[in-house]
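Order of the sequence lines sets the chain letters (A, B, ...), proteins ahead of strands, with each chain counted from 1. Because the structure is predicted, anything quoted here is derived from the model rather than measured. The figures here come from the full heavy-atom set of this structure, side chains too, leaving out hydrogens, waters and symmetry mates.
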Amino acid sequence: MTQTLSLTSSASAPNLRAALRRAERPGRLGALALALPALLFLIVTFAAPIGLFLTTAVRNPEVRDTLPQTAAALAGWDGDGPAAPGEAAFAALLADLTRAKEDNTAAALGKRLNYESAGMRSRIMSVVRHLGNFKDGALAPQFAALDPVWASPDLWAIIKRNAAPVTPYYLLTAVDLQQDASGAITRVAEDQAVFLGILGRTLWIAGLVTGATLLLGFPTAYVISLAPARIAGFMLLMVLLPLWTSLLVRTTAWVVLLQTDGVINQVLLALGLTTEKLQLMLTRFGTVTAMTHIQLPFTILPIFSVMKSIPEGQMRAARSLGAPPFFAFWRVYAPQTLPGVTAGCLMTFILSLGYYITPALVGGPRDQMLSNFIATYINRDLNWGMAAALAGLLLVMTLSIYLLFLRLVGAERIKLG
Amino acid sequence: MWLPAYATRSERLCRLAVVLFAFAVLAFLIGPLFVVFPLSVSKDPFFTFPIREYSWRWYADFFQNARWMHSLVNSLVAAAASTLIATFLGTLAALGISRPGFPARKAVMALMISPMIMPVVIVAVGAYMFFGSLGLTNTRTGLVLAHAALAIPFVVVTVLSALSTYDSNLSRAGASLGAGPVSVFFAVTLPLILPGIVSGALLAFAVSFDEVIVALFLTGADQRTLPVQMFSGIRDQINPTIMAAASLLTTVSIALFVLLNLIRRVKRA
């Protein structure tokens, strides 16, 4: 095509190019039309649900929906001042909570405000319980009689701040930060700072697994690439078969192997390598071993396919030019395997970050990863905001490594089996 | 071992060590897959070797228990339905993407592949929330839609790889002989890329059949799949019937794997 273009005079070239583009347009649109159904399907069933879920990390509907009059009454109040708001705010809160009691929404409000400041839940619920006891006249002293904190501006500042439709609370908490009564961002107390630890643990476990698969996988891929065709084919089958077996079955197998009365302990005892049974289940070692087993094929296959393409003659040439064996391997062979090592390690690292099943079944409480905490916040605590914030954190890490993968390796290079 | 003639003695020793290491790694890879089989036919209800007495009682348990059978049927139906959707949409998409001049190919591929790398818990919770608002949680439809989304990348990748060896001159030849695009596709292209499509479909089936986390969030007692039933069993008290279920799942996986390799061999011949 470029040749035909270069043959034409330069004056008519733009016209020709435009004509070509025009001629190709129906083909391009046709190609897009073929991919469109799958794209739309993925957007509706995959991308949009994830996007929607992530917005719950900043959504803050409780105070707005349950305390609309209070929010309006507090709008003009200076939250930074030393005084609690006037009678109007107390009256509005009383009216809102009366309504909330009827609608059964007071508990959800109390739970939400309790995240911001411990004790808010019981304060709200105590007012709701005593709604019938409030008498005409000044309300502030009656509230203070239930709990003196109602006279302090801090509590009202929290309500005022959370009347906003969005909140940074969940995202800040996910990285161990908090907003104090004045709105300034500070670190949370040492004993409450858990989430950065979980993040670090997730990265550490994924890193350990990636390192272990590389250590085990690189020599294996090397041997497969050298072996005669028949043996290599057999060895490849042994790498591919586990990939086809369900992740749950492989994890189950590890549960059986690692149990206190399990196969590994029996073998170790029989061989006299240990005199008492080792605790392998519910340990970091067990989790990393099982994950390494599951991820190993993902690391081996890309390395193998790169190694297979390295011409044998190169090592021979290096040796004939006087390079000692290890030097030849390290300076000539190893650098050429880097694309495969990058592809395999990045893929294993990405997939390891999102593990849920294996840590849940093989790991102890200190081996649970971000995914496990996301599931716990949904299933046990019904705290969607916190789950979404942690999911956002996990997603940012996963996507940044995925982008790196796309840049260094490319989506077209992914092959299956 | 597999060394040129000029190799030194220490090199040979070194190579021998690497080869032994590689076989040890392969044993590590394949060994755990086969611990479940002997335990599933052991008469004892605890997991110890050597096995003292063999029996099929756990399989009888599995096939006579209504809950296990129900979950097996659920898994098969959901996997079949999501395979159909994913294979249809994925093949169409691959046909489009493989054409020259496909717009924004890199971005489209990045999106198409992303269900493969997305942490499954995020997919599951997102679907749980979104499908919940549409009344699709605790329905088979919701599970099938979510599984189809997870399976599409596997179909796209396999069909694209089949298309990469397809000579598009054949399509042109068909067109020059007077066939319309649709008949060119069915008479020329489809027969040639069919092995790729079938491989993709097998992968899609395996993805849905083995998937736990999305199913855990989206199904109620009625739509519970086999892996979900197994997962809750392992969490409570791991019993030998789970070993029987695991053995059956593994057998299905191996069967799919063998089928795939047969298709590949036919294609090559």
Side-chain angles (χ1 to χ4, degrees), chain A residues 24 27-28 31-32 34-35 37-38 41-42 45-46 49-50 52-53 216 219-220 223 226-227 235 238-239 241-242 244-250 252-257 261-263 266 293 296 316 325 350 354 356-357 361 371 374-375 378 387 391 394-395 398 402 406 411-412 414-416, chain B residues 2 4 11 18-19 21-22 25-26 29-30 32-33 35-36 39 47-49 89-90 92-93 95-97 99 101-103 108-111 113 115 117 119-122 125-127 129-130 145-146 149 152 154 157-158 161 203 206 210 212-213 227 230-231 234 238 246 249-250 253 256-257:
Chain A
E24 279 178 348
R28 276 220 293 276
L32 188 63
L34 284 171
F41 185 85
L42 282 180
T45 62
F46 173 78
I50 292 174
L52 202 70
F53 163 52
L216 298 177
T220 311
V223 171
L226 287 177
M235 292 171 94
M238 289 172 72
V239 177
L241 186 58
W244 272 81
T245 321
S246 123
L247 193 146
L248 182 61
V249 169
R250 284 180 281 168
T252 313
W254 280 104
V255 171
V256 172
L257 286 169
D261 297 315
V263 180
Q266 284 177 318
H293 174 250
L296 201 45
R316 229 175 292 151
I350 294 174
Y356 170 74
I357 297 287
L361 293 178
S371 285
I374 296 170
I378 301 279
L394 179 58
L395 199 67
T398 307
Y402 181 50
L406 291 176
E412 286 91 351
I414 295 181
K415 287 206 179 67
L416 301 160
Chain B
W2 311 327
E11 219 178 331
V18 175
V19 170
F21 180 81
V25 171
L26 290 179
L29 261 176
I30 212 83
L33 303 191
V35 282
V36 292
L39 292 174
F47 308 120
T48 49
F49 286 102
L89 294 176
L92 272 187
L95 285 169
I97 293 171
R99 292 219 185 149
F102 183 83
V108 169
M109 272 302 277
L111 177 68
I113 299 296
I117 58 99
V120 193
V121 164
I122 298 183
V125 176
M129 188 174 145
F130 184 66
L145 291 177
I152 282 178
F154 291 85
V157 168
T158 10
S161 119
L203 276 166
D210 293 337
V212 199
I213 306 172
M230 267 182 69
F231 181 76
I234 301 168
I238 184 160
L249 271 179
T250 310
S253 311
L256 289 175
F257 180 67

Checking [X] against chain B: side chain, backbone, both or neither under 4.5 Å from a heavy atom?
X         : result
Leu52(A)  : both
Val255(A) : side chain
Arg28(A)  : both
Leu216(A) : both

Rounded to the nearest 0.5 Å, how far does [atom2] of [Y] lie from [atom1] of [X]?
X         : Y         : atom1 : atom2 : value
Ile350(A) : Ile117(B) : CD1   : CD1   : 5.5 Å
Phe231(B) : Tyr356(A) : CZ    : OH    : 4.5 Å
Leu256(B) : Thr245(A) : CG    : OG1   : 10.5 Å
Trp244(A) : Leu203(B) : CH2   : CG    : 4.0 Å

* Who wins among Leu145(B), Val36(B), Leu39(B) for the most heavy-atom pairs under 4.5 Å with chain A? -> Leu145(B)
* To do: Return the option, out of Val125(B), Leu249(B), Thr250(B), Ile113(B), with the maximum number of heavy-atom pairs under 4.5 Å with chain A.
  => Val125(B)
* Asked: Under the side chain to side chain contact (heavy atoms under 4.5 Å, CB included) criterion, do Met129(B) and Ile378(A) qualify, and how do the steps go?
  -> CA-CA 10 Å; Met129(B) 188 174 145; Ile378(A) 301 279; over 6 Å; no
Between [X] and chain A, which part of the residue has a heavy atom less than 4.5 Å away: side chain, backbone, both or neither?
X         : answer
Ile152(B) : side chain
Ala110(B) : both
Val18(B)  : both

* For Ala93(B) against Ala38(A), the heavy-atom pair lying closest together -> CB-CB, 3.8 Å
* To do: Compare every heavy atom of Val35(B) with every heavy atom of Leu257(A), then report the nearest pair and how far apart it is.
  => CD2-CG1, 3.7 Å
* Any residue meeting side chain to side chain contact (heavy atoms under 4.5 Å, CB included) with Ile30(B), in chain and number order, not counting sequence neighbours -> Met238(A), Leu241(A), Pro242(A), Leu33(B), Phe34(B)
* Residues in side chain to side chain contact (heavy atoms under 4.5 Å, CB included) contact with Leu395(A), at least two apart in sequence or another chain -> Ile50(A), Leu54(A), Leu399(A), Met118(B), Ile122(B)
* Under a 4.5 Å cut-off applied to non-hydrogen side-chain atoms, are Leu34(A) and Arg99(B) in contact? -> yes
* Would you indicate whether the side-chain heavy atoms of Ile234(B) and Leu248(A) approach each other to under 4.5 Å? => yes
